[in-house]
Each structure stands twice: as structure tokens, then as C-alpha cells.
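Scroll down for the structure; my scribbles are underneath it.
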Amino acid sequence: MMNKKKYAAMGAAVLLASMSLAGCGSNGNNAPNDTASTNNATNNAGNNAATTNDSTNANAGSTNAGATTDTPKLTGDFEVQYFVGGYGDKWWTKVIADFQAANPDLHVKALGGPKINEQNKPRWIGGNPPDFVYIDGPELNDRQMVEDGQLEDLTDWIKDAKNVDGDKILDMLAQQPQQFDGKIYNIPLVLNSWGIFWNKALFKEKGWQEPQDFQQFLDVSDKIKAAGTTPFIHTGKYPYYINGAFLYPAIVSANNGDYKVLQDMAANKVEAFESEAVKTALGKIVTLRDKGFIDKASIQINHTDSQMLFLQNKDAFIPNGLWLPNEMSKDIPQGFDFGFIPSITQDAGQKIVANTSTATVAIAKNAKNKDAAHAFLQFVFSKAQASQWAELSGAPSNIKGDISASNAPSFVKDAAKYLTDPNTIVIPTITFNADVDKAMQDATDALTIGKIDPAGWVKRVTDVVKKVAK
Amino acid sequence: MDGRVRPVVLREFYRKGGRVMEAGSAKWQRNLFIASFIIPTFVFFCVFTIYPVAKGLYYSMFDWSGMSQTKDFIGFGNFKEMFRDPIVWRAIGNDYFLVVGKIVGIMVLATFFAVALTRFNFKMAGFFRSIFFIPNVISVVVIGVLWNFIYNPQIGFLNAFLSLFTDEKVSITWLGFTNHTIWMLLPPAIWAGIGFYMILLIAAIQNIPASYYEAADLEGAGQWTQFRRITVPLIWEQMKVSILNIMMTTLNGSFVIVWIMTEGGPDNSTQVMGSYLYQMAFRQYHFGFGAAIGVLILVLSLITTVVLQRLLRHETVELS
């Protein structure tokens with residue numbers, strides 16, 4: 001009898017517990033308080049170079065004083081969502097701390113991490129997003145966010161928005177924001193570039209010429225192949241590398257340096273995909289394929305494997321992004337010297353084409369503190385923060401400015417020089433529709449292994465474009 | 001007098017009434033006891049199984065990016081589109097290819113090992129049992145990465161091994177033939193599955209009384225006849241369970257090994273339903289379409305289970 005009572009009581013307890021647990025499921029939209037809200041104390045971790053930081057802080061402080069004269073005092077909560085990937089989070093913690101210091105009455109909450117995009121998804125779906133978002137990493141796509149109506153239209157605001165130093169933001173950007181049907185929703189923060197890498201040391205040792213145009217590239221590849229090295233490797237598992245670093249610049253070169261064709265492709269215009277420029281560019285991939293320059297391993301390997309083979313000098317060229325030296329820093333053999341050119345597909349005498357790879361920032365349409373979000377944009381797009389970005393993230397910032405005095409790694413400074421050179425055609429950020437992008441990737445893979453020809457590529461991709469454009 | 005009778009009557013009264021009450025509350029307590037186990041289980045089942053399935057069905061009726069606040073109801077639009085999509089058909093084909101390949105491969109090898117380790121009394125049986133079981137304790141992710149190295153055309157084990165027998169270095173891209181790459185996913189999947197089913201069958205074989213085999217020996221039946229006439233009929237139930245389990249785990253779970261090794265590529269040649277679901281829902285922002293593929297997986301799993309159960313129906317052999 002006593003035992004039964006005990007069991008009954010226990011059963012009831014289990015039942016109650018399960019009910020309270022079940023209740024958790026429906027109530028998932030609470031603000032994720034467990035994500036560290038930024039305290040000033042968290043931010044000093046990344047500050048190795050005390051001198052630069054002091055100066056930037058002072059700068060930020062003084063300029064903000066100027067800016068606050070005509071803007072109301074910022075109060076309330078302000079949430080910043082930032083994905084932490086290859087660029088790390090040192091800059092984010094720093095800039096958020098700086099912004100918090102400049103606006104003591106504002107409560108800035110940092111929602112950052114490698115999984116933050118997934119974690120915050122329910123809040124975006126539920127109409128309760130963070131105020132400010134850094135669009136990078138998986139599951140966030142600016143074009144899709146615009147189509148979903150998640151981002152604030154910044155077209156009118158950005159037209160004459162000035163940063164905290166009083167400079168016009170648009171004038172400071174190395175690459176202009178992408179337009180979606182003529183409207184601006186997000187602003188590029190990072191200026192990175194795709195391109196072709198080689199090992200200068202190896203080229204010097206073997207007496208190979210570092211190529212400056214497509215013909216030189218083919219000529220030297222012949223020599224490389226004859227010497228027993230495979231000229232070209234890419235990652236077939238992620239064909240956006242070869243598309244971004246080889247095909248898209250090739251399309252722009254074939255279109256006399258006019259990147260409008262890529263923008264038309266991104267706007268799902270079928271005739272852009274059928275243009276001669278696209279066919280010529282695809283023909284260049286076919287040339288590589290038919291001459292046997294593409295490493296046969298490419299089709300099945302991921303980016304890390306392809307990069308490893310390149311670093312072991314098994315392959316001479318690799319299409320990649322400027323983050324490559326940083327990404328592989330632990331595996332770079334002694335004496336390896338990165339050579340880089342943003343594009344290899346231009347004819348002799350044509351300008352070099354740099355296809356940028358970027359990450360952007362935006363304000364949520366349903367942001368609760370839009371004033372703070374605008375102020376944060378003005379704060380972020382300043383020269384002080386640009387040099388700080390280059391230094392803490394190891395990538396060039398999208399803000400024009402001399403970073404030669406900063407502590408940024410030397411290849412970042414070189415790249416920044418390349419990208420601001422008037423003889424380089426810089427393709428601004430372009431995001432393709434995700435379906436079209438995937439179709440282009442699959443088709444390029446199929447093209448590199450001889451499964452289809454350029455006409456087949458165009459057919460496949462335009463079929464998807466027509467479906468998407470409906 | 002009163003003083004003596006009353007306590008007796010009262011005692012009697014309380015005793016009778018008390019027993020009735022006791023019986024009633026015992027029944028109630030028994031029910032409560034059962035309910036305290038059933039209800040939480042049922043609630044959990046509803047919350048974590050029924051609700052997601054219902055929600056998945058619901059989402060499959062919408063055109064939804066997975067991030068937008070608005071969803072457009074399109075009825076069976078996703079399903080219509082799904083059946084027009086050649087990649088879906090290829091994914092279904094690949095899934096069933098893996099189901100058949102894994103059932104044949106795992107069952108043949110697991111049975112072989114189980115019989116070898118039980119019926120031929122050799123000393124190292126325990127050691128080999130452990131060795132064959134090891135892949136089961138390794139995460140599928142690790143298995144995928146490991147086999148990716150085996151298949152690597154430049155630095156992989158397989159090409160290095162084959163190169164021992166040829167003059168020139170072998171450089172086959174094992175995961176690069178768009179027409180056959182799915183074949184290459186079978187060995188890791190089989191390798192990873194053998195151990196568990198082997199243990200299951202070993203347990204079944206050990207339950208067969210030794211006297212059966214002794215009698216068969218006396219009658220002059222060879223090992224093969226003993227296997228066919230004694231072992232297989234008596235472990236058929238376990239084999240059936242194994243086959244059904246392999247089928248279900250493959251249809252629902254082949255995603256992991258595909259995603260780790262090929263991400264459905266090259267050129268969608270190794271896409272299975274699970275990987276295509278992920279691709280569409282989270283990479284191409286068609287959550288509704290992804291949910292529709294989820295429903296397809298559910299329906300196909302159910303149908304295949306019923307069909308397989310019919311096919312495997314076999315007269316039960318009793319141990320007597």
C-alpha cells in the first residue's frame with residue numbers, strides 16, 4: 001500500500017515534470033539571454049597592439065562626440081548578430097565595445113558565434129530579429145533575405161549618410177553596395193578577392209614565367225605539364241571556387257571588361273547567360289580540360305585537400321580566395337612564397353579583373369532600435385574601424401583608406417593595393433539566386449570532366465533561370 | 001452491553017467498508033501507476049514525433065524559404081514539382097540502390113562472420129568479434145572522412161595499393177565518375193554496418209541447441225546442409241529484423257555518409273533523398289520543398305516496410 005502510494009506520487013511527479021518540459025517547446029522565442037551579452041570586460045582579449053588601439057579609441061571617442069551633437073542620445077537595447085568564421089570575432093568584440101563606450105546609455109548585446117545564423121533563425125521567422133546583422137556564413141543569403149522582406153531598405157538613407165567622422169559613407173566604399181531592383185539593403189564590409197595563386201619560389205626555381213594573361217598562362221602550363229607537374233587544381237566538391245576565381249572574371253574579360261553581364265545574370269536575365277561572353281569564358285575552361293591541365297583529382301576533393309596538394313607543389317595553380325594564406329597558415333611549407341593575380345583569363349593588354357568576395361552588414365526590417373542600428377553603421381564605416389578590421393580579421397576592409405601604417409598582415413596590404421589600383425576592374429558584390437548558383441556549379445563540374453560542352457552548360461543553367469524567373 | 005457490542009459492530013463495519021474502499025483505491029492507484037508511465041511517454045511521443053511529422057506535412061504544402069515571416073499556401077504544388085524534378089528520381093534510385101546493396105552486402109558478410117565465429121570453434125573468435133564490431137563504435141562522420149582518404153586519387157590508400165601491382169602510378173578518381181560514384185559509397189556503408197548485425201546473428205546462433213548439429217552430424221549432413229537446414233531457419237526472425245532495420249536506417253540515414261563524402265556530387269550523381277532535402281531546404285532556401293521530400297521519405301519507408309515484411313513472411317520454425 002505504502003509502496004503503491006509512493007509509486008503514484010512518483011508517477012505524478014514525472015507527469016508534472018514532463019508537462020513543464022513540454023511547455024518549453026512552444027515558447028522558444030525568448031530572447032537568447034544565454035548568448036553572452038557584451039560586457040566591456042570581454043573585449044580586451046584581442047588587443048595586442050596597445051598603441052594602435054589607443055589611438056583608434058581616442059579617435060572614435062572624439063568623433064562620436066561630434067556626431068552626437070545633432071543626433072538624439074541612443075538608449076534602450078541594441079542587438080548585433082554576427083557570424084564568426086574565418087575572419088574571427090576579435091574585430092566584432094572590439095567594435096561593439098567601442099560603440100558601447102561611445103554610447104553609455106545604450107545596452108548593446110552581441111549575438112555572435114559560428115552557429116549564430118541557425119540559432120537566431122526562429123527569431124527572424126517570428127518577426128523578432130536582432131537589430132543589426134552581419135551577413136556571412138551558412139544559411140544567410142542577402143538576396144534571399146531581401147526577397148523574404150527581412151532587411152531594411154537603406155536606399156534613401158545611404159544616399160547621403162555620413163559616418164562618425166563626417167565623411168560620406170558611399171564615397172568611402174571601395175566596392176559599392178549591390179542593388180536589388182535598384183534598391184540597396186546591405187553594405188559590403190569586407191573587401192576580399194578571388195584569384196589564382198602559385199608558388200613564386202617554385203616558379204623561380206624551375207624558370208617558369210609568372211603569367212599576366214591567358215596566353216602566358218597556357219604557355220607556362222605547357223611547360224609545367226612537360227616538367228611532370230599538373231598545372232591546375234581546384235575543388236570539385238565546391239565548384240564555386242573555380243566559378244568565382246576563373247569563370248566569372250573570364251566572363252567579364254570576354255565582355256570587354258564590363259561586369260554588367262554578371263549583374264544581368266544575377267538578375268536572372270536569360271539572354272545574359274546566352275551571351276557570347278559566357279560562351280567564350282566557358283571555352284577557356286574547355287581549353288584547360290582538353291589540354292589536360294586540370295588535375296583529375298579535382299572533381300572529388302574538397303577545398304582543403306586541393307589546397308594541401310597545391311602547397312605540396314603537386315599542382316602549380318589554384319583558384320582560391322585571398323584568405324588562403326591565412327587559412328592554411330599552419331601547413332605552409334618553408335620557403336613557399338604565394339604569388340597571386342585576381343584573374344588569369346584576360347587577353348594580353350586587357351585589364352585585370354578582380355571578382356570580389358564580400359560579407360555585408362544590414363539592418364533588420366523589424367529592428368526595434370533602428371536609430372542605434374543606423375548609428376552603428378555610421379560608426380562601423382569609419383577609417384579607424386577599417387584599419388582595425390584589417391588588423392584583427394586578416395582581410396582587407398571595404399573602406400578606402402591607407403592601411404599601410406596598420407598592423408595588418410603584409411598580404412592583406414598587397415591585396416588592398418591590388419584592389420584599389422585603377423588598372424584593376426573590381427566587380428562589385430554579386431549574389432546569384434541560390435538555385436541558379438547551384439546549377440552553375442554543377443554545370444561547371446560537369447564541364448571540367450567532359451560530361452557536357454559549353455552549350456550544355458548554357459542550356460542547363462538557362463532552364464533553371466527560366467524556372468526561377470517565373 | 002452497549003459498551004461491548006459497539007466496538008465489535010464498528011470494527012466489523014469499518015472492516016467491510018474499509019476493504020471496499022481499499023479495493024477501489026487500489027484499482028485507482030494501479031491505473032494511476034500505469035498512467036504515470038504511459039502518459040509521459042505518450043506526451044513525449046506526441047511532442048517529439050507526432051508534432052514534427054504533422055508540422056512537416058503542414059510545411060510541405062507551402063512555398064516557404066525557411067526564413068521569411070510569410071508562407072504561401074500552394075497545396076500539393078511542392079509534390080507536383082518534386083515528381084517533375086529529375087534529381088528527386090535519381091535520389092530515390094540511389095536510396096534504393098543503397099538499400100539493396102547494403103542488405104545484400106551486410107547480410108551475406110554478417111551471416112558469414114557470425115557462422116564462422118560460432119560454428120568453427122577457433123580460438124581467436126572473441127578477438128575477431130571485437131575487431132568486426134569496432135566500425136560500429138566509430139562515428140559515421142569519422143568513417144566518411146576515413147574512406148575519403150582511402151579514395152583520394154593522389155594520396156589515397158586504394159590507389160597506392162593498386163600501384164603496387166602496376167608499373168605506372170594508379171590515379172583513379174574513385175568518387176569522380178558521375179555514373180558510378182554511388183557504388184563507391186557502398187563499401188563504407190557496408191563496412192560500418194556489419195558488426196552490429198553480426199553480433200545479433202551470433203546471439204541467435206548461440207541459442208540453437210548443440211544437439212541439433214550433433215544429430216545432423218550423425219546423420220551425415222555436411223556443414224553447408226547444416227547451415228541451410230538448421231542455422232538459417234532458426235535465425236530467420238533475427239535476419240528478418242536485420243533486413244528491415246537496414247532498410248529503414250538507410251532510407252532515413254544514408255544522408256550522413258553521402259553528405260560527409262560527396263555532398264551529393266559530383267553533379268548530383270550521389271544525391272539521396274536526405275541529402276537533397278538538406279540541399280533544397282537549407283542551401284537553396286526551399287524549405288517547403290524540403291519538407292515535401294521529408295514526407296516522401298516517410299511514405300516510401302512505410303511502403304517499403306510493409307512490402308518487405310510481406311516478402312519475408314516465412315513459416316516460423318519452432319524450437320521443439
Side-chain angles (χ1 to χ4, degrees), chain A residues 1 4-5 7-15 17-19 21-22 25 118 121 124-127 138-141 143-145 147-150 233 236-239 295-302 305 308-309 312 314-315 366 433-435 437-438 441-443 445-446 448-449 451-452 467, chain B residues 22 25-26 28-44 46-48 51 64-71 81 87 148-149 151-156 159 171-179 181 184 261-269 279-280 282-286:
Chain A
M1 180 73 187
K4 279 183 182 171
K5 264 188 185 164
Y7 283 131
M10 269 169 62
V14 169
L15 213 142
S18 70
M19 280 176 155
L21 265 180
E118 289 97 319
K121 212 174 200 178
W124 288 90
I125 297 167
E139 298 196 26
L140 277 193
N141 173 300
R143 179 171 290 276
Q144 190 62 46
M145 289 176 94
E147 279 174 23
D148 288 343
Q150 294 282 20
I233 191 159
K237 201 167 173 184
Y238 303 111
D295 193 319
K296 287 205 164 58
S298 300
I299 188 71
Q300 78 167 67
I301 56 180
N302 64 18
D305 287 348
M308 283 309 292
L309 291 171
Q312 291 164 6
K314 288 198 169 25
D315 300 272
N366 290 333
N433 170 283
D435 292 346
D437 200 4
K438 180 71 165 68
Q441 290 183 36
D442 290 339
D445 254 354
T448 59
I449 54 170
K451 198 175 159 190
I452 56 173
K467 202 173 135 196
Chain B
E22 202 177 281
S25 85
W28 185 83
Q29 279 180 350
R30 187 171 171 274
N31 286 341
L32 183 70
F33 177 69
I34 293 170
S36 70
F37 284 89
I38 302 262
I39 290 175
T41 317
F42 184 68
V43 168
F44 272 99
C46 287
V47 171
F48 294 110
Y51 175 71
W64 184 40
S65 72
M67 181 102 175
S68 152
Q69 288 170 49
T70 51
K71 311 176 189 74
E81 201 183 322
I87 300 174
N148 255 344
F149 272 112
Y151 285 143
N152 190 301
Q154 291 253 23
I155 50 171
N159 279 346
S171 59
I172 301 172
T173 47
W174 295 101
L175 298 172
F177 307 101
T178 48
N179 293 330
T181 306
M184 293 298 122
M261 291 187 69
T262 64
E263 291 200 10
D267 198 14
N268 292 313
S269 58
Q279 171 70 35
M280 290 306 271
F282 300 109
R283 291 256 176 103
Q284 291 177 239
Y285 311 103
H286 300 294

Notebook entry, point to check: Checking A:Met145 against chain B: side chain, backbone, both or neither under 4.5 Å from a heavy atom?
Noted result: side chain
Check: Is a side-chain donor or acceptor of A:Gln300 paired with a backbone partner of B:Trp174 at a separation under 3.5 angstrom?
Finding: yes
Next item on the list: First locate atom NZ of A:Lys451, then atom CG of B:Asn179, and finally report the distance between them rounded to the nearest 0.5 Å.
Entry: 6.5 Å
Notebook entry, point to check: Which atoms of B:Tyr51 come close to chain A, meaning under 4.5 Å heavy atom to heavy atom: side chain ones, backbone ones, both, or neither?
Noted result: neither
Margin query: Is the shortest side-chain heavy-atom distance between A:Lys314 and B:Gln154 below 4.5 Å?
Written below: yes
Notebook entry, point to check: Which bit of A:Asp295 is near chain B, if near means a heavy-atom gap under 4.5 Å: side chain, backbone, both or neither?
Noted result: side chain
Notebook entry, point to check: So how far is it from B:Arg283 CZ to A:Asn141 CG, rounded to the nearest 0.5 Å?
Noted result: 12.0 Å
Next item on the list: Under the side chain to side chain contact (heavy atoms under 4.5 Å, CB included) rule, what do A:Glu118 and B:Phe282 come out as? Steps first, then yes or no, please.
Entry: CA-CA 10 Å; A:Glu118 289 97 319; B:Phe282 300 109; over 6 Å; no
Checklist line | Residue selection (most heavy-atom pairs with chain A, distance under 4.5 Å) from B:Lys71, B:Met261, B:Met280 | finding: B:Met261
Margin query: Can you tell me how far apart CG (B:Asn152) and CE (A:Met308) are? Round to the nearest 0.5 Å.
Written below: 11.0 Å
Notebook entry, point to check: Quick one: CZ on B:Phe177 to CD1 on A:Ile299, what's the gap to the nearest 0.5 Å?
Noted result: 11.0 Å
Notebook entry, point to check: In terms of heavy-atom pairs under 4.5 Å, which option from A:Asp445, A:Leu309, A:Asp437 contacts chain B the most?
Noted result: A:Leu309
Check: Is it the backbone or the side chain of A:Asn433 that comes under 4.5 Å from a heavy atom of chain B, or both, or neither?
Finding: neither
Next item on the list: Check for a donor-acceptor pair, side chain of A:Gln150 on one end and backbone N or O of B:Met67 on the other, with a separation under 3.5 Å.
Entry: yes
Next item on the list: Name the member of A:Lys438, A:Lys121, A:Gln312 that forms the most heavy-atom pairs with chain B at distances under 4.5 Å.
Entry: A:Lys438
Next item on the list: Among the options B:Ser68, B:Gly66, B:Gly156, B:Cys46, pick out the one with the most heavy-atom pairs lying under 4.5 Å from chain A.
Entry: B:Ser68
Checklist line | Residues which pass side chain to side chain donor-acceptor pair (under 3.5 Å) with A:Thr448, listed by chain and number, not counting sequence neighbours | finding: none
Checklist line | Interchain contact, A:Gln144 with chain B, by part (heavy-atom threshold 4.5 Å) | finding: side chain
Checklist line | A:Ile301 versus chain B, the contacting section by heavy-atom distance below 4.5 Å | finding: side chain
Check: Between A:Asn302 and chain B, which part of the residue has a heavy atom less than 4.5 Å away: side chain, backbone, both or neither?
Finding: neither
Notebook entry, point to check: If every non-hydrogen atom of B:Gly176 is compared with every non-hydrogen atom of A:Ile449, which pair is closest and at what distance?
Noted result: O-CD1, 4.2 Å
Notebook entry, point to check: Could you state the interatomic distance from CD1 (A:Ile125) to OG (B:Ser65), rounded to the nearest 0.5 Å?
Noted result: 8.0 Å
Notebook entry, point to check: From A:Leu140 CG over to B:Tyr285 OH, what is the distance, rounded to the nearest 0.5 angstrom?
Noted result: 7.0 Å
